[in-house]
Amino acid sequence: MTSEPLRAPRPATGSITSQFGRNAPPYLDGLNEEQRDAVLTTEGPLLVLAGAGTGKTRVLTTRIAHIMRTNLARGSEILSVTFTNKAAREMKERVGSLVGAGVEGMPWLGTFHSISARLLRRHAELVGLKADFTILDTDDQVRLIKQLLEADNIDEKRWPARQFAGMLDNWKNRGQLPKDVSPADAAGFANGMGQKLYQQYQDRLKMLNAADFGDLLLECIRLFREQPGVLAEYHRRFHYLLVDEYQDSNVAQYLWLRLLAQGRPAPEANLCVVGDDDQSIYGWRGAEVDNILRFEKDFPGAKVIRLERNYRSTSNILAAASHLIAHNESRLGKTLQTDVGEEGEKVAVTSVWDSEEEARTIGEEIEQYQRQGDKLNSIAILVRASFQMREFEERFITLGLNYRVIGGPRFYERREIRDALAYLRIVSQQADDLAFERIVNTPKRGLGDTTIKTLYDTARLQRIPLFAATRLLIETEELKPKQRSTLKALVMQFDDWSERARTIPQAELAEQILDESGYTAMWQNDKAPDSPGRLENLKELVRSMEEFDTLGGFLEHISLVMDRDTGADSDAVSIMTLHAAKGLEFNTVFLPGLEEGLFPHQRALDEGGRAGLEEERRLAYVGLTRARKRLRLSLAQNRRIHGLWQSAIPSRFLDELPAAVVEVKDTGSSYGGYTYGGRAGGRFDLRDPFESGYETPGWQRAKAQQGSRKGGGPVTIDGDLVARSTDDGRGSAYAPGQRVFHLKFGYGTIATLEGNKLTIDFEKAGRKKVLDSFVQKG
DNA sequence: CAACATCTACTTTTT
DNA sequence: GTAGATGTTG
């Protein structure tokens, strides 16, 4: 292990201003004391606890600029890790504008995954890969697993490939190789086949010269551990390490970082991590808040700086957010203080009849704000789950209101894009079996299962890639003449394209490939309504290729940087999930769907228990703190989930807001007198604000409903969201032909029933599926 | 082998 | 309500 001498003495804490006297460099202007401290404390381990809206990114970027400006290190000697591509891009831009240099000056600024990929390509052969290895995404992963399951005669119905992919992910997030997986863990899949499958999967990846997302980190860790010389090289290279959103790091990322920070003894590591434990919202995917909570133990002598001055929100908004998050028990604890100096509007809570009315109301409000001169760009709708977006999109289309969905179904995940990429991947790497398999019969070439199976058998027998096997087979009589000539033509086409790849720009090549393969024609002839859109996407794909120098570079970009530019040029309302909203801010924020079961999400509660609830609460906190001036929450009394209408009870998070800053509204269209604000004398019950979330009125009621409900009893609209899978459906009180009444659809007759799900022909609304708990005998 | 029809399971969040 | 997977037919 190499260890360099310290470059500069650590500045004493009290001397921030004295360090520069009155000649502080201009980039420090406008930073408050703590922020400056964080920028100037370059040496030794540093933990910056940065609350929402306290200028975290500014500190990080200024810090990098400071290190470079004062010649402590060059851009190429600073490793800065972010969690998302968006954050990496933003940091590059901001550092660039501070230093006045191009982005190229910071080759090691990127996400964990992109930096890992870069490292691995340099040393691929040391971990059993070639430098041009393919990066698999979830879809490839699942298909590969399916093949393994089939080969091992494991029933895919009983043991879904998706589930195993999830387990793989978990193991890899925890930094576990096949040998490290605990038997108990692995036993949970396919009668104890888990570990063996994991090993088989890894072997197969190596055969395919491929790595999945988890491998990027895992193989890096292995590389560092097994090749001390390589690790030492990076110890020498990186003089400063910075990590953004540290609260989102998982075990593998932690190990990765630890290894890189080991260049010096822990108390001297120049490692700066920035994060906010209250904004840890990726626990479900392996993030360990513990990493940030434990930092001072990991790096003894670490300095801790708290950024608590909020420059974003009005005091009302901040009060709501702080009060809410105070209900969490496991947190380091910070007290945000507003620096905006404005009380602002109260936080509005609106209760509406259903999600349709919710969309309508919000649409109207936005139009009103627009008339008042607000920019649509300054307005966002943040949802818990992406299915909520649809209703808003539909409504906004009819209103002619400009909107933009951020994060939505990812561009690269679209079928046409994946197909097109598969062609390119084969051109780039003929051994890419997963790509070959994907497009060998797309567009339809008259190749069926039997032909594919022959290819497969040959490939397996000879231990060669599918493409190579095909090459062999077309020289034999094993295939029927028709298939043989088809495949022969295909192989020749690919050879031709590979040849051309050397001479013509890849964007042009892609266009030719799509045309010559008949792929474009396939969609042109498809009369499905979305075909034109797909063709448009293909065009966009080709267009986006123009920015890259090589095909390989483009493919790397696609697999790691999945989001495309979100065209922020036009004025539009942003619609996104709460997860996608982290790090953003808007003047006006709408938070719809504050209902038990949706937010907090039922699944988080079921699977995560108390920790799950606390993470949901942090998610709510993230949502609330996105707002600068105006925060508008809403809840629907009825919502359709899985095509079934369910009535909802208000989210417990609403009970956790301080009454003084909240204004309850009602659209007046509720049925039967039940409204959110209508109970408890026009205000929601507010008990001791620091009591456990489990004891709030909403939760109490939800619990009271559980199990107490019997089929056929009088239906109180007050909540049967909890009538979910736990309902054993014992003895429904209904039978086909029976006349019933439903609050939303009116009178109808039961057509069929299945457990507690009824199919009812309503007199006015037509045939609908509903839960039995929402109708009463009519 | 492909097209069609039917059925089913699914909907949290993503590098 | 949907997209995918499966099954059945020509």
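Convention: sequence-line order gives letters A, B, ...; per-chain numbering from 1. Worth knowing before you read on, the calculation uses all heavy atoms, side chains too, and leaves out hydrogens, waters and symmetry mates.
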Practice item. For A/R285, check side-chain hydrogen bond (donor to acceptor under 3.5 Å, both in side chains) against everything at least two apart and list the hits. Key: none

**Study point:** Under the side-chain contact (heavy atoms from CB on, under 4.5 Å) test, residues paired with A/E478 that sit two or more places apart
**Key:** A/T454, A/L473, A/T476

Polar-atom pairs under 3.5 Å, protein N or O versus N or O of nucleotides 2-7 of chain B: list them with distances, or write none.
| unit_1 | atom_1 | unit_2 | atom_2 | d |
| --- | --- | --- | --- | --- |
| B/dA2 | OP1 | A/G446 | N | 3.1 |

Point to revise | Side chain of A/Y282 (C-beta onward), nearest among B/dT15, B/dT12, B/dT14 | key: B/dT14

Review point. When all nucleic acid strands are considered with a 4.0 Å heavy-atom cut-off, which category describes A/F83: base, sugar-phosphate, or nothing?
Key: sugar-phosphate

Practice item. Assign the ring pair A/F164 / A/W171 to parallel, tilted or perpendicular, where the plane angle (0 to 90°) is split at 30° and 60°. Key: perpendicular

Practice item. Determine, for A/D139 against A/R415, whether the closest basic-nitrogen to carboxylate-oxygen distance falls under 4.0 angstrom. Key: no

Polar pairs (N or O, both sides) under 3.5 Å between protein and nucleotides 9-11 of chain B?
| unit_1 | atom_1 | unit_2 | atom_2 | d |
| --- | --- | --- | --- | --- |
| B/dT11 | O4 | A/H642 | ND1 | 3.2 |

Revision key, fill the gap. Across all chains, not counting sequence neighbours, the ring pair (Phe, Tyr, Trp, His ring centres under 6.0 Å) partners of A/F83 are A/Y282

Review point. Can you list the residues that meet the side-chain hydrogen bond (donor to acceptor under 3.5 Å, both in side chains) rule with A/D432, with sequence neighbours excluded?
Key: A/R425

Practice item. Not counting sequence neighbours, which residues clear ring pair (Phe, Tyr, Trp, His ring centres under 6.0 Å) with A/Y254? List them please. Key: none

Study note, to complete from the structure: Of the listed B/dT12, B/dT14, C/dT2, the closest approach to the A/R285 side chain comes from B/dT14

Review point. Between B/dT15, C/dT2, B/dT14, which nucleotide gets closest to the side-chain atoms of A/T111?
Key: B/dT15

Revision key, fill the gap. Residues in residues 167-177 of chain A with a heavy atom under 4.0 Å of DNA chain B, by number, are none

Review point. In terms of side-chain heavy atoms of A/Q483, which of C/dT2, B/dT14, B/dC1 is nearest?
Key: B/dC1

Exercise for review: On DNA chain B, check which nucleotide each of A/E616 and A/T451 is closest to and give me the residue with the more 5' one.
Suggested key: A/T451

Check your understanding: Mind checking what makes ring pair (Phe, Tyr, Trp, His ring centres under 6.0 Å) contact with A/F599, not counting sequence neighbours?
Key -> A/F653

**Study point:** Residue list, side-chain hydrogen bond (donor to acceptor under 3.5 Å, both in side chains) with A/E394, at least two apart or on another chain
**Key:** none

Revision key, fill the gap. Hits for side-chain hydrogen bond (donor to acceptor under 3.5 Å, both in side chains) against A/D276, two or more places apart or cross-chain, chain-then-number order -> A/Q279, A/K334

**Study point:** Set of residues satisfying ring pair (Phe, Tyr, Trp, His ring centres under 6.0 Å) with respect to A/F133, sequence neighbours excluded
**Key:** none

Check your understanding: What nucleotide among B/dT15, C/dA5, B/dT14 has an atom nearest to a side-chain atom of A/K146?
Key -> C/dA5

